Amino acid sequence: MSKEEFEAWIAEHPEDEEAFTGLYTVIVRDGDGLKAVPYSEYYGEKLQAAAAEMRAAARATTDVTLKVYLESRADALLSDDYYQSDLDWMDLDGDLEVVLGPIETYEDQLFGYKAAFEAFLCVVNPEDGAALAKYKGELPFLERNLPIDDQYKNLDRGSESPIRVADTYFTAGDTRAGVQTLAFNLPNDERVREAKGSKKVMLKNIIRAKYEAVLTPIAEEILPEAERSHLYFDSYFNFILFHELSHGLGPGMITVDGEETEVRLELKDLYSAFEEAKADVAGVYNLYLLTDKGVMDSEIATHLPWTFVAGLFRSGRFGTSSAHGQGVVMQLNYLVEKGAVEITEEGWFRPVPDYFRAGIRDLAHELLMIQALGDYEAAQAFHSRYMVVTPQIQQAYDQLKSIPVDVDPIYAVDALH
């Protein structure tokens with residue numbers, strides 16, 4: 001099915017728009033037409049089996065918050081209504097961090113409407129999480145200080161934002177199929193974010209593995225030799241944390257032409273690339289704000305530009321068909337154009353300290369305003385201008401071919417299958 005066929009059907013059958021653009025339906029042919037089939041029906045047999053296992057796990061656990069989540073999530077799999085279970089997941093507060101269901105929309109390359117199923121099973125590290133909890137209270141400050149006019153800020157969004165650090169013990173579905181997730185910020189449902197905020201889960205064993213196996217050798221090929229010592233694990237870890245925190249900041253529910261809508265729906269197929277780019281850039285911007293405020297260790301900000309530039313090439317190698325890959329190419333070209341990143345005659349990429357922070361601020365403003373206005377045409381124009389793999393970028397990618405693109409974890413739990 002083409003985009004044109006889908007859009008033509010909606011134009012002729014406006015009563016189908018909600019179901020067709022919903023996260024949890026499969027679009028199938030029905031005679032000469034189209035129809036939306038709920039996931040609970042289309043995948044009914046498998047979801048009934050999954051729900052039964054989850055209810056059995058709920059009966060077995062002594063963690064009350066996990067019991068509630070598993071039971072409500074089991075109900076959600078069979079009803080396609082995930083709102084209550086998302087609220088219950090926000091309250092999950094035991095030794096295990098578990099999330100499963102249809103969540104991210106990266107795999108829907110037609111419009112970014114449809115959610116793919118995935119699962120995480122993680123063991124929480126409470127000591128690390130407690131050390132990061134101080135940042136939770138800074139979210140209202142960060143929202144107020146985003147580089148956009150106050151009218152576009154989401155000052156009423158829920159500010160509850162638990163931060164948990166955990167080691168991953170098993171993943172499945174969408175998150176296991178391709179690039180391995182370093183962290184996640186959920187739920188994605190804007191209604192839940194408006195009411196209660198979102199939770200950030202940092203996957204420390206995966207972060208450490210990627211830093212050692214991927215990012216460090218990339219820095220040796222990308223950064224000038226004299227500047228490679230700036231690569232810093234704490235800058236990397238906190239950048240990932242603030243990438244996730246920044247997903248929960250800025251425009252979410254917006255008004256376009258007098259109608260309430262979501263950024264996701266207005267930016268359509270470009271939404272994921274712009275959201276990932278926004279989270280990257282706003283994350284860096286916010287780290288600087290908290291350094292100025294005295295909340296963040298200044299060493300993290302000192303080494304951040306070099307760690308960030310090397311990190312762009314780590315994410316960019318996921319390919320320009322991925323949201324993360326497109327997002328980092330747009331960032332890199334913009335920052336080069338603004339003089340915040342320099343490409344040397346030898347082909348090294350280096351941040352320019354005198355201009356780096358201003359370039360980050362300006363880029364954050366551009367991305368946030370495209371989202372705030374739900375401006376698809378502006379997003380297309382920005383994407384066309386900056387989502388270009390230039391010869392210099394391609395040459396850098398070519399130099400990295402011997403370095404793994406990602407880690408491929410083998411979990412102890414895998415042996416049970």
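The structure presented is a predicted model; accordingly, all values stated were derived computationally and were not measured. Just the heavy atoms: all of them, side chains too, but no hydrogens, waters or symmetry mates, feed the values below.
No side-chain donor-acceptor contact under 3.5 Å links Asp269 and Gln109. Between Asp75 and Ser85, the side chains place no donor N or O within less than 3.5 Å of an acceptor N or O (distance only, hydrogens not considered). Gln394 and Asp398 form a side-chain donor-acceptor contact under 3.5 Å, judged by distance and modelled atom types alone. Using a 3.5 Å distance cut-off with no hydrogens or angles, the side chains of Asn154 and Glu143 do not pair a donor with an acceptor. There is no side-chain donor-acceptor pair under 3.5 Å between Thr105 and Lys114. Counted by atom type alone, Tyr106 and Glu276 present one or more donor-acceptor pairs between their side chains at under 3.5 Å. In this structure, a donor-acceptor pair under 3.5 Å is absent between the side chains of Ser298 and Thr291.
In Lys153, the NZ atom is crowded: over 12 heavy atoms of neighbouring residues, nucleotides or ligands sit closer than 6.0 Å. Atom OH of Tyr169 has 12 or fewer heavy atoms from other residues, nucleotides or ligands within 6.0 Å. Counted within 6.0 Å of CD on Glu346, heavy atoms from surrounding residues, nucleotides or ligands total more than 12; the atom is thus considered enclosed. Other residues, nucleotides and ligands contribute only 12 or fewer heavy atoms inside 6.0 Å of the CD atom of Glu18. Heavy-atom neighbours of Lys293 NZ from other residues, nucleotides or ligands within 6.0 Å: above the threshold of 12. Glu225 CD: 12 or fewer foreign heavy atoms inside a 6.0 Å radius. The local environment of CZ in Phe141 is crowded, with over 12 non-hydrogen atoms from other residues, nucleotides or ligands closer than 6.0 Å.
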Margin query: Is there a ring-ring contact (aromatic ring centres under 6.0 Å, His included) between Phe242 and Tyr135? Walk through the geometry before answering.
Written below: CA-CA 9 Å; Phe242 277 84; Tyr135 301 132; 5.2 Å; yes

Exercise for the section: In sequence, state the C-alpha distance, the side-chain angles, and the governing distance for Phe313 and Phe349, and then conclude on ring-ring contact (aromatic ring centres under 6.0 Å, His included). Expected result: CA-CA 10 Å; Phe313 284 91; Phe349 288 74; 4.8 Å; yes

Full working for salt bridge (Lys or Arg N to Asp or Glu O under 4.0 Å) between Lys338 and Asp362 | CA-CA 9 Å; Lys338 300 299 181 182; Asp362 293 346; over 6 Å; no

Problem set entry | Derivation and outcome, ring-ring contact (aromatic ring centres under 6.0 Å, His included), residues Phe117 and Tyr39 | CA-CA 10 Å; Phe117 286 85; Tyr39 281 6; 5.5 Å; yes

Take Glu337 and Asn333 through the test side-chain hydrogen bond (donor to acceptor under 3.5 Å, both in side chains) and record every step on the way to the result.
CA-CA 6 Å; Glu337 179 182 282; Asn333 280 315; over 6 Å; no

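A heavy-atom distance below 4.5 Å is not found between the side chains of Trp348 and Glu342. Side chains of Tyr271 and Phe111 form no contact here, defined as non-hydrogen atoms less than 4.5 Å apart. Contact annotation: the side chain of Arg208 approaches that of Phe233 to within less than 4.5 Å [non-hydrogen atoms, C-beta and beyond]. Taking the side chain as every heavy atom from C-beta outward, Val192 and Tyr82 never approach each other to under 4.5 Å. Looking at heavy atoms from C-beta onward, Arg228 lies out of side-chain contact with Trp306 at the 4.5 angstrom threshold. Side chains of Tyr236 and Leu215 form a contact here, defined as non-hydrogen atoms less than 4.5 Å apart. Contact check for Glu190 versus Glu194: side-chain heavy atoms found under the 4.5 Å cut-off.
For Ile240 against Ala183, the heavy-atom pair with the smallest separation is CG2-CB, 3.8 Å. Taking every heavy atom of both residues into account, Lys196 and Leu87 meet most closely at NZ-O, 3.7 Å. Nearest approach of Glu127 to Asn125, heavy atoms of both residues: OE1-OD1, 3.0 Å.
Aromatic ring orientation, His247 versus His243: perpendicular (interplanar angle above 60°, classes split at 30° and 60°).
A salt bridge is absent between Glu138 and Arg144; no separation between the charged side-chain nitrogens and carboxylate oxygens falls under 4.0 Å.
A donor-acceptor distance shorter than 3.5 angstrom exists from the side chain of Asp375 to the backbone of Ala378, with no hydrogens or angles considered.
With values rounded to the nearest 0.5 angstrom, Leu373 atom CG is found 9.5 Å from Ile148 atom CD1.
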Which pairs would a plain distance check flag for residues 254-261, meaning a side-chain donor or acceptor within less than 3.5 Å of a matching protein atom at least two apart in sequence or in another chain?
from   : atom 1 : to     : atom 2 : distance (Å)
Thr261 : OG1    : Glu266 : OE2    : 3.0

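Remark: of the listed residues Leu132, Ile163, Asn238, Asn286, Ile163 is the sole one forming a side chain to side chain contact (heavy atoms under 4.5 Å, CB included) with Leu245.
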